[in-house]
Amino acid sequence: MKSYDHKKIEKKWQDLWDKKKIYQANDKSKKPKFYSLVEFPYPSGDGLHVGHPRSYVGMDVISRKKRMDGYNVLYPMGWDAFGLPTENFAIKTGKQPKVITKKNTDTFRRQAKSLGISFDWSREINTTDPNYYKWTQWIFLQFLKKGLAYKAKSEINWCPKDKIGLANEEAVGGICDRCGTPTIKKEKEQWMLAITKYADRLDKDLDLVDYPERVKLSQRNWIGKSEGSEIEFKTSINRNIKVFTTRADTLFGVTYVVLAPEHPNIGEFLVQSKNMAEVSQYIREVKSRTEIERTAEDKEKTGVELKEIYAINPANGEEVPVWVADYVLAGYGTGAVMAVPQHDARDKEFAEKYNLPIIDRPLVNAEEITQKVGGKMVTKFKLRDWVFSRQRYWGEPIPVINCEKCGLVPVPEKDLPVKLPEVKNYKPTDTGESPLASISKWVNVKCPKCGGKAKRETDTMPNWAGSSWYYLRYVDPKNKKEFASKKNLKYWTPVDWYNGGMEHTTLHLLYSRFWHKFLYDLKLVPTVEPYKKRTSHGMILGEGGVKMSKSLGNVVNPDEIVKIYGADTLRVYEMFMGPFEETAVWNTDSIIGARRFIEKVWRIGEKVIKTESSLSGSLSPRARGALPLGSTACETPRQENSVLLTKLLHKTIKKVSGDIEAMRFNTAISAMMILVTEMEKEQGLSLEDYKKFLQILAPFAPHVAEEIWHLLGDPTSPRLRGAKEKSINISDWPEWDEKLIKEDEMKIMIQVNGKVRGEIMVGSNENEEKIKKEAQEHLSVKKFTEGKEIKKIIYVKGRLVNIVI
RNA sequence: GCCCGAGUGGCGGAACUGGUAUACGCGCACGACUUAAAAUCGUGUCUCGCAAGGGAUGUGGGUUCGAUUCCCACCUCGGGCACCA
């Protein structure tokens with residue numbers, strides 16, 4: 001046996017696994033299925049960085065264990081390849097986005113393979129592949145058919161630098177998500193998806209899934225469900241003001257009413273106010289401000305009174321002034337609020353600034369008062385409809401045709417996919433139209449309905465489109481008739497375990513749940529929720545605890561680590577560096593610990609092989625497994641190790657089994673390290689025990705485990721060496737023996753007043769009284785109890801005795 | 001401002017339902033092997049103290065025989081949301 005050479009071993013097994021297709025999922029298996037999923041990456045030009053493997057290896061460990069547990073595992077990978085960085089690179093270099101993407105995915109694939117991740121590469125998908133986005137477009141047409149995709153003139157967040165319309169969530173705080181430029185509001189016809197129609201179900205059904213509490217919470221906050229009352233205020237003009245409040249109980253404390261500057265009926269109030277010029281000036285001012293200016297932290301509230309217009313409090317008939325102020329949002333509730341300065345900090349701030357009355361009134365029952373004033377209880381959501389248009393090239397074309405006569409006409413399903421044409425210039429236009437608009441050959445088409453002159457929609461879909469349903473395509477990635485067959489969907493979905501980053505818990509997760517529910521309503525998928533269980537890995541920060549970034553020059557390339565230390569070492573290190581769900585700081589110096597661990601495993605392997613071959617002799621092949629149990633005759637001498645080590649092995653098997661399921665990879669590895677240290681000390685290590693250890697190591701370090709496994713030979717086969725043995729990675733996960741784990745002696749700590757003073761060993765079935773007695777007689781304990789009155793003695797089974805004096 | 005999460009050796013971290021605080025790893029020191037070095041192995045490594053013993057899990061209090069763990073208040077860091085009525 002040669003010394004450990006990770007380069008040879010890893011390459012050899014990666015190729016063999018590929019050839020033997022041992023990680024391919026089987027659509028027709030009788031085994032129980034397990035669908036494990038990681039977020040497919042955006043294949044950037046920089047290649048994989050060490051953060052990616054954290055998620056991939058974590059789920060790989062789980063997938064590998066599940067295979068060994070007897071599951072038919074689907075663990076797929078693909079590319080979420082539409083997106084701005086590629087397009088921007090295309091603009092800069094003039095290369096085709098398609099070509100750039102091909103290059104990047106090749107790099108990513110090579111890197112992922114070099115880590116020995118057990119992905120089923122036969123199901124690889126790419127969102128930019130027309131065979132894939134055909135179905136993204138098809139699903140869009142279903143939304144259109146059901147009236148959930150619609151075009152609306154709306155104010156969008158416009159980035160003047162990227163020249164692109166952004167969704168609210170991409171322009172948080174009025175700053176472009178991509179380049180940091182302050183966004184401005186711009187009116188534009190946009191495609192929208194009515195996610196708000198699903199708001200309530202998206203909130204409620206979180207009860208059905210196994211997500212971490214913090215993930216559920218952030219989804220709930222994003223959806224922002226709140227229950228309250230809608231109450232109408234009559235006014236001095238012929239137009240009521242409807243307000244939304246969660247505090248109808250404070251209705252008697254209302255001292256004024258406020259309209260948002262963008263309130264739909266603002267015009268009617270404006271023209272009848274005495275200070276029309278002043279008010280319209282104010283509204284104009286507000287609209288000219290950027291989002292940042294409007295929401296700046298220290299910004300003082302502004303507003304203007306609609307003079308000579310008043311509203312009537314329906315609770316007591318009082319007349320109160322009406323104001324326009326930009327602290328009221330048009331997009332939430334009714335765009336108007338009743339102000340109760342006594343109970344609301346914002347109203348109070350405003351009232352104090354403009355000398356509006358602040359009054360204290362008794363509170364009443366919210367529901368009763370709502371009913372009494374003719375209002376109704378309603379539920380509102382913060383969630384807005386999803387702006388689904390992008391004025392960009394590198395996205396799925398929205399499959400719609402604008403006909404001069406017929407209006408918006410969906411592209412017939414038989415004409416899908418609407419393929420992206422090749423263009424010369426990928427730069428978006430200053431008018432805000434997609435570069436597609438300038439390709440007249442592509443744009444000008446016949447109307448599918450009337451055959452008349454028509455133009456294609458030139459907007460494309462946002463990044464989130466392709467990733468909203470990709471997990472469905474994996475179950476049947478080559479299907480030409482449907483996005484996936486009913487049969488495969490029924491077998492594989494839902495995803496059993498989905499791991500990804502915290503940064504995707506609000507948007508991607510919510511969007512894909514929305515699409516899934518929509519498809520469920522169309523009876524196209526069998527389950528209400530797409531993901532049964534979701535976990536989140538922590539980020540990997542650069543040395544010093546800062547984010548890895550090119551500008552800081554602290555990005556670690558996994559290729560380097562694989563080259564120097566090997567994939568197994570990188571895998572073990574990343575799983576060992578800290579709790580999986582928490583942020584971890586990269587430390588190149590610590591990798592050596594993982595490498596030493598693997599080398600130790602290798603050395604023990606060498607030792608075991610040496611003893612085995614000396615025992616079996618060179619003439620006869622070993623036939624240990626073939627011998628009947630308990631047979632003594634002619635048996636070759638077998639190497640035995642101490643019962644203590646076997647006990648430790650079984651404890652470790654149990655610990656590792658449980659830790660993998662709970663993603664406590666760090667403590668699993670720690671337990672294996674302890675076992676390995678003990679195994680190395682052991683004089684004669686038995687082949688069986690060592691092989692069991694290799695099996696529990698295999699999910700973490702599959703290459704080295706496989707190599708030694710094959711060098712040792714399969715004990716159930718008469719052959720010591722040879723290529724025909726089964727892979728360790730699909731062998732049966734070892735079982736532990738509870739009897740061996742149970743100690744016949746237990747260590748009991750003795751405390752005096754809660755302080756440890758000694759310990760005794762007792763039989764595991766020893767009765768309480770005897771243990772207590774023995775504890776009191778313990779020498780180093782007596783020292784503390786002598787001459788003191790013993791108040792009571794507490795015994796915790798199998799743990800300790802506490803003597804209280 | 002609001003909502004989460006976290007504060008344990010020189011460092012990454014462990015302690016699963018309240019029961020030996022600091023497992024495992026990195027680093028460091030010393031020793032063995034070696035002509036030497038590397039690698040490897042062994043020993044030690046929270047702190048004060050010669051010792052007996054005492055003190056430490058962000059700070060202060062509480063509950064308990066017993067608290068890193070539960071409760072209250074505060075401080076610091078990380079993340080998310082942010083005028084959502």
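Note on naming: letters A, B, ... go to the chains in the order of the sequence lines (proteins, then strands), and numbering restarts at 1 for each one. Note: hydrogens, waters and symmetry copies are ignored here, and every other heavy atom, side chains too, is used. Predicted, not measured: the structure shown is a model, and the values here were computed from it.
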- Task: Go through the steps for A:Ser226 and A:Phe244 under the test side chain to side chain contact (heavy atoms under 4.5 Å, CB included), then give the verdict.
- Result: CA-CA 11 Å; A:Ser226 73; A:Phe244 172 70; 4.1 Å; yes

- Query: Quick one: do A:Lys348 and A:Asp344 make a salt bridge, cutoff under 4.0 Å?
  - Reply: no

- Residues from residues 251-258 of chain A lying under 4.0 Å of RNA chain B - heavy atoms: none

- Item | Nearest-neighbour nucleotide for the A:Val328 side chain, B:A85, B:C3, B:C41 considered | B:A85

- Taking atom P in both B:C26 and B:C74, compute the distance separating them and give it to the nearest angstrom. 42 Å

- Query: Is a salt bridge present between A:Glu318 and A:Arg361, judged by a nitrogen-to-oxygen distance below 4.0 Å?
  - Reply: yes

- Applying the 3.5 Å cut-off to both distances, the Watson-Crick or G-U partner of B:U69 turns out to be none

Between the protein and nucleotides 43-49 of chain B, which nitrogen or oxygen pairs come in under 3.5 angstrom?
none

- Task: List in chain and number order the residues that pass side-chain contact (heavy atoms from CB on, under 4.5 Å) with A:Arg220, two or more places apart in sequence or in another chain; answer none if no residue qualifies.
- Result: A:Asp203, A:Leu206, A:Asp207, A:Lys216

- Item | Below 4.0 Å: OP1/OP2 of B:G27 and any side-chain N or O of A:Arg596 | yes

- Query: Is the side chain of A:Thr505 donor-acceptor paired with the backbone N or O of A:Gly501 at a distance under 3.5 Å, no angle test?
  - Reply: no

- Item | Nucleotide of B:C65, B:A14, B:G54 approaching A:Asn666 most closely (side-chain heavy atoms) | B:A14

- Message: Closest approach to the side chain of A:Ser226, judged atom by atom: which nucleotide of B:A85, B:U40, B:G12 is it?
- Response: B:A85

- Report the distance from atom CZ of A:Phe665 to atom C1' of B:A23, rounded to the nearest whole Å. 20 Å

- If you check the A:Gln751 side chain, which of B:A23, B:G13, B:U20 turns out closest? B:U20

- Quick note, A:Asn802 side chain, CB onward, closest among B:G19, B:A23, B:A21 is B:G19

- Message: Any strand counts, and the cut-off is 3.5 Å on both contacts for Watson-Crick or G-U wobble. Which nucleotide pairs with B:C46?
- Response: B:G55

- Message: My understanding is that a pair needs two contacts under 3.5 Å, Watson-Crick or G-U wobble. By that rule, which nucleotide pairs with B:C83?
- Response: none

- Message: Could you check whether any side-chain N or O of A:Glu574 sits under 3.5 Å from a backbone N or O of A:Arg54, counting only pairs where one atom can act as donor and the other as acceptor?
- Response: yes

- Below 4.0 angstrom, N of the basic side chain to O of the carboxylate: do A:Arg534 and A:Glu39 qualify? yes

- Any cation-pi pair here, A:Lys380 with A:Tyr332, using under 6.0 Å and within 45°? no

- Query: Is A:Thr334 reaching over with its side chain to a backbone N or O of A:Ala336, donor-acceptor style, under 3.5 angstrom?
  - Reply: yes

- Go through the steps for A:Tyr198 and A:Trp386 under the test ring pair (Phe, Tyr, Trp, His ring centres under 6.0 Å), then give the verdict. CA-CA 12 Å; A:Tyr198 283 75; A:Trp386 175 4; over 10 Å; no

- Message: On the nucleotide B:G55, are OP1 or OP2 found under 4.0 Å from the side-chain N or O atoms that A:Lys755 carries?
- Response: yes

- Query: Where the side chain of A:Arg603 is concerned, which of B:C83, B:U20, B:U40 is the nearest nucleotide?
  - Reply: B:U40

- Going by a 90° cut-off around 0, is B:G53 syn or anti? anti

- Query: Quick one: A:Met746 CE to B:G19 C1', roughly how many Å, whole number?
  - Reply: 14 Å

- Message: Please determine whether a side-chain nitrogen or oxygen atom of A:Ser218 lies at a distance below 4.0 Å from atom OP1 or OP2 of B:C81.
- Response: no

- Sole candidate of A:Tyr354, A:Tyr327, A:Tyr282 that passes side-chain hydrogen bond (donor to acceptor under 3.5 Å, both in side chains) when paired with A:Thr302: A:Tyr282

- Item | Assigned partner base of B:A21, Watson-Crick or wobble definition, under 3.5 Å | none

- A:Thr246 has a side chain; which of B:G54, B:C41, B:A85 sits nearest to it? B:A85

- Applying salt bridge (charged side-chain N to carboxylate O under 4.0 Å, His left out), name anything that partners A:Glu768, two or more places apart in sequence or on another chain. A:Lys772

- Report the residue from A:Arg595, A:Arg596, A:Arg603 that forms a side-chain hydrogen bond (donor to acceptor under 3.5 Å, both in side chains) with A:Glu599. A:Arg595

- Message: Considering every strand and a 4.0 Å limit on heavy-atom distances, what is the contact class for A:Ser670: base, sugar-phosphate, or nothing?
- Response: base

- Where the side chain of A:Met673 is concerned, which of B:C16, B:G25, B:C41 is the nearest nucleotide? B:G25

Please list, for nucleotides 4-6 of chain B, all pairs of protein and nucleotide N/O atoms separated by less than 3.5 Å.
none

- Heavy atoms under 4.0 Å, any strand shown: does A:Arg220 hit a base, just sugar-phosphate, or nothing? nothing

- By a strict heavy-atom criterion of less than 4.0 Å, which residues belonging to residues 791-801 of chain A are in contact with RNA chain B? A:Lys792, A:Ile794, A:Val796, A:Arg799, A:Leu800

- Message: Could you check whether A:His537 and A:Asn499, counting side-chain N and O atoms only, form a donor-acceptor pair closer than 3.5 Å?
- Response: yes

- Item | Separation of atom CD1 in A:Ile223 from atom C1' in B:A82, rounded to whole Å | 18 Å

- Message: Counting only side-chain heavy atoms from C-beta out, which of B:C81, B:C24, B:U20 sits nearest to A:Phe576?
- Response: B:C24

- B:A39 -> Watson-Crick or G-U wobble partner, both distances under 3.5 Å, gives none

- Between A:Ile669 (CD1) and B:A23 (C1'), how many Å, whole number? 15 Å

- Check whether any side-chain N or O of A:Tyr327 sits under 4.0 Å from OP1 or OP2 of B:A85, and answer yes or no. no

- A:Ile591 CD1 to B:C24 P, straight-line distance once rounded to whole Å: 22 Å

- Protein-nucleotide distance (A:Ile540, atom CD1; B:G13, atom C1'), rounded to Å: 15 Å

- Task: Write down the partner of B:G78 under the Watson-Crick or G-U wobble criteria, each distance required to be under 3.5 Å.
- Result: B:C4

- Note on the structure: In whole angstroms, the gap separating P of B:G12 from CE of A:Met539 amounts to 16 Å

- Item | d(NZ, A:Lys382; P, B:C2) in whole Å | 14 Å

- Start with the C-alpha distance between A:Val801 and A:Glu774, add both sets of side-chain angles, then the distance that settles side chain to side chain contact (heavy atoms under 4.5 Å, CB included), and finish with yes or no. CA-CA 10 Å; A:Val801 174; A:Glu774 211 178 309; over 6 Å; no

